[in-house]
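Single-structure report; data block below.
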Number of protein chains: 2
Amino acid sequence: MAKRGKVNQRQRILEEAAKLFKEKGFAGTSMRDLGGEVGMEAASMYNHIKSKDEILESICFYVSDTYIAQLAEVKQTEASYTEKVESLLRRHVHLMLEDGAAVSVANNDWKYLTGDKLTAFKEARKSYEQGFATLLEQGIAAGELHPVNVSVALFTILSAVRWVELWYYPGRGISAEELEQNIITILLNGLAK
Amino acid sequence: MAKRGKVNQRQRILEEAAKLFKEKGFAGTSMRDLGGEVGMEAASMYNHIKSKDEILESICFYVSDTYIAQLAEVKQTEASYTEKVESLLRRHVHLMLEDGAAVSVANNDWKYLTGDKLTAFKEARKSYEQGFATLLEQGIAAGELHPVNVSVALFTILSAVRWVELWYYPGRGISAEELEQNIITILLNGLAK
DNA sequence: CCTACCGATCGGTAGG
DNA sequence: CCTACCGATCGGTAGG
């Protein structure tokens, strides 16, 4: 029998919640729905989590923390700016493939955060965007990248990856590596010959 | 005094609903919230609409109908495939700028459609995607576009435009024309030099 | 971890 | 277009 510690059960609740929130939205998912997936009465889950809001917070900050850590990793690398952008892009695709439900929730349901948590999440996101934008600016200044509007480039890149989670599953007729390479080719080299 | 016919009031309800659904999600918006924005009791709106679900349907199908009409327009044009793709892209950005809230709802809240309407919406979307994909395939076959995976290219393009509505407002330090041109440059010519 | 239950809020209807 | 109200469902608590 697998051990069912408090931590494990909490983790299970968070994982099932991410799947349900992605599918039906935070507001569209009831604690009774979630209980059904976890195999527990709604009331029983309150032994492992504080509130429905706290579940959302855990998922959103897990994602924003990961993004920020990845940016820091890439920044301290010794590589050209083009390579740094490419590397960050690959990490985006990877996280999407590994933890797509959580990324989806952080992208779409962060707006249901409240108070301090909402403020903190917006700040984390802004700080990540600033860091990424700086990378693009440096790449342009160094003559490595086309002199496009940095904000437009930033959001185009960030959005371009978001569909992956809705579309990709192994056995799609394309491997994860090919998927990644295709996205990078389109964004770095463009569609037109 | 402006005339307040039944049709006008219905239109106002749909417009306010699109804004609220975008902001708080379909499930997160109550009919009382909506009544507050429209300036009417929740119960009174039922003289103009059949149900909350019907509001969502009207918004989603307005958007999918528009997309499909734009695709048909572009397809019958005499132009290179690259130009057709560019033209379709420009229309995407335009609709986003003109009717951002509705586009946002069709992108994010279509999942709350039910029964026949859900089926019909999915089919409309699939038919649009097929049509767009065919354009890309033809462009590749003609040697105009890089030989990338068509599905990957399609979804990368469609997603790359979605952030516009969340970010852009006149006075952003960039005009609508520049915005459009930057997005097209990035997607067609790529970021790297 | 469950049963029983709370006050609040939901979409929607009746009747005027 | 409003008042009054319906049954259903919500997030969450008490007590065991």
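Keep in mind the model is a prediction, meaning the values are calculated, not measured. Just the heavy atoms: all of them, side chains too, but no hydrogens, waters or symmetry mates, feed the values below. Naming convention: chains lettered A, B, ... in sequence-line order (proteins, then strands); numbering from 1 in each chain.
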Nearest whole angstrom, please: distance from the [atom2] of [N] to the [atom1] of [X].
X: Asp53(A); N: dG11(D); atom1: CG; atom2: P; value: 10 Å
X: Glu57(A); N: dG11(D); atom1: CD; atom2: C1'; value: 15 Å
X: Met45(B); N: dC1(D); atom1: CE; atom2: P; value: 11 Å
X: Leu34(B); N: dG12(C); atom1: CG; atom2: P; value: 12 Å

When you check the side-chain N and O atoms of [X] and [Y], is any donor under 3.5 Å from an acceptor?
X: Ser58(B); Y: Arg10(B); result: yes
X: Arg172(A); Y: Asn149(B); result: no
X: Arg162(B); Y: Asn108(B); result: yes

Paired nucleotide for dG15(D) [Watson-Crick or G-U wobble; both distances under 3.5 Å]: dC2(C)
Using Watson-Crick or G-U wobble geometry with both distances below 3.5 Å, tell me the partner of dA8(C), or none. dT9(D)
Measure up the Phe26(B) and Phe21(B) rings against each other and bin them: parallel (under 30°), tilted (30 to 60°), perpendicular (over 60°). perpendicular
According to the interplanar angle, ranging from 0 to 90°, do the rings of Trp110(A) and Phe121(A) count as parallel (below 30°), tilted (30 to 60°) or perpendicular (above 60°)? parallel
Grab the N/O contacts between the protein and nucleotides 2-4 of chain C below 3.5 Å, and write none if there aren't any.
residue: dC2(C); atom: OP2; partner: Glu41(A); partner atom: N; Å: 2.8
residue: dC2(C); atom: OP2; partner: Ser44(A); partner atom: OG; Å: 2.5

Report all interatomic pairs (protein N or O, nucleotide N or O of nucleotides 5-10 of chain D) with separations under 3.5 Å.
residue: dC10(D); atom: OP1; partner: Ser30(A); partner atom: OG; Å: 3.4

Could you go through residues 94-101 of chain A and list every donor-acceptor pair under 3.5 Å that involves a side-chain atom there, pairing it with any protein atom two or more places apart or in another chain?
residue: His94(A); atom: ND1; partner: Arg90(A); partner atom: O; Å: 3.4
residue: His94(A); atom: NE2; partner: Glu180(A); partner atom: OE1; Å: 3.0
residue: Asp99(A); atom: OD2; partner: Tyr62(A); partner atom: OH; Å: 2.6

So that I can tick it off, tell me whether Glu73(A) and Arg91(A) are bridged by a salt bridge, with the cut-off set at under 4.0 angstrom between side-chain N and carboxylate O. yes
Check Lys19(A) with Glu16(A), please: is the shortest side-chain N to carboxylate O separation under 4.0 Å? yes
